[in-house]
Amino acid sequence: QVRVVESGGGLVQPGGSLRLSCAASGSGFAIYAMAWYREALGRERELVARITSDGRKDFGDFVKDRFTISRDNAKNLMSLEMNNLQPEDTAVYLCSVTSIRGTLGAWGQGTQVTVSA
């Protein structure tokens, strides 16, 4: 079983920054990929950033170098540093963890990010 807990969301003004954290605990499976997705009101879930245990990274096209993802494999911790946030970044940000084959995974409950003046 794996538990996933996100933190770090909140209200920020346009141009501001937030740091999101995802902590995965338990030993249900070896976590290969940890990723951030987001769900904005009226929009489908989309990938924000992903990082694998061997260091591969992937970002959504909208990121445009604004976000930085990092991970501590030993602690199963992942962080997302988000800079120059804009109102369109407002969404619930969810953490996803998956096994190397992608057949096992878990989701957190999400953390709300609101970008508004």
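Here the side chain of Ser96 pairs no donor or acceptor atom with the backbone of Ala35 at under 3.5 angstrom. The backbone N or O of Arg56 sits less than 3.5 Å from a side-chain atom of Thr52, completing a donor-acceptor pair. Within the 3.5 Å criterion, the main-chain N or O of Met78 finds no donor-acceptor partner in the side chain of Arg71. Listed for the Ser99 side chain is a donor-acceptor partner under 3.5 Å among the backbone atoms of Leu104.
Arg45 CZ: more than 12 foreign heavy atoms inside a 6.0 Å radius. By the neighbour-count criterion of 12 heavy atoms within 6.0 Å, atom CG of Asp72 is densely surrounded, having more than that number from other residues, nucleotides or ligands.
Using a 4.5 Å cut-off between side-chain heavy atoms of Ile, Leu, Val, Met, Phe, Trp and Tyr, with links allowed through other members, Ile100 and Trp107 fall into different hydrophobic clusters. Criterion: ILVMFWY side-chain heavy atoms under 4.5 Å apart, direct or through other members. Under it, Tyr37 and Ile69 are not part of a common hydrophobic cluster. Under the 4.5 Å side-chain heavy-atom criterion for ILVMFWY residues, a single connected hydrophobic cluster contains both Leu85 and Val48.
Side-chain contact check for Tyr93 and Arg38: at least one donor-acceptor pair (N or O, by modelled atom type) lies under 3.5 Å. Side-chain atoms of Ser17 and Asn83 include a donor-acceptor pair closer than 3.5 Å.
Contact between Val97 and Ala24 at its shortest, heavy atoms only, is CG1-CB, 4.2 Å. Trp36 and Leu47 make their closest contact through O-CD1, 3.6 Å (heavy atoms, listed as atom of the first residue, atom of the second, distance). In terms of heavy atoms, Met34 sits closest to Asn76 at CE-O, 3.7 Å. Taking all atoms of both residues into account, the shortest heavy-atom contact from Ala49 to Phe59 is CB-CD2, 3.5 Å. Across all non-hydrogen atoms, the minimal contact from Ser53 to Ile31 is CB-O, 4.1 Å. Ala117 and Gln13 make their closest contact through CA-CG, 4.5 Å (heavy atoms, listed as atom of the first residue, atom of the second, distance).
In this structure, the side chains of Arg101 and Tyr32 stay at 4.5 Å or more apart for every pair of heavy atoms. The shortest distance between side-chain heavy atoms of Asp89 and Phe67 falls below 4.5 Å. Taking 4.5 Å as the limit, every side-chain heavy atom of Asp61 sits out of range of all side-chain heavy atoms of Val63. For the pair Ser116/Pro87, no side-chain contact is recorded, criterion being any heavy-atom separation below 4.5 Å from C-beta on. Using a 4.5 Å heavy-atom cutoff, the side chains of Leu20 and Val113 are in contact.
Here the straight-line distance linking atom CD of Gln109 with atom OG of Ser7 works out to 13.5 Å at 0.5 Å rounding. Rounded to the nearest 0.5 Å, atoms CZ (Arg66) and CE (Met82) are 9.0 Å apart. For the atom pair Ser70 OG and Arg19 CZ, the distance stands at 5.0 Å (nearest 0.5 Å). Between atom CG of residue Leu94 and atom CD of residue Glu39 there is a gap of 5.0 Å, rounded to the nearest 0.5 Å.
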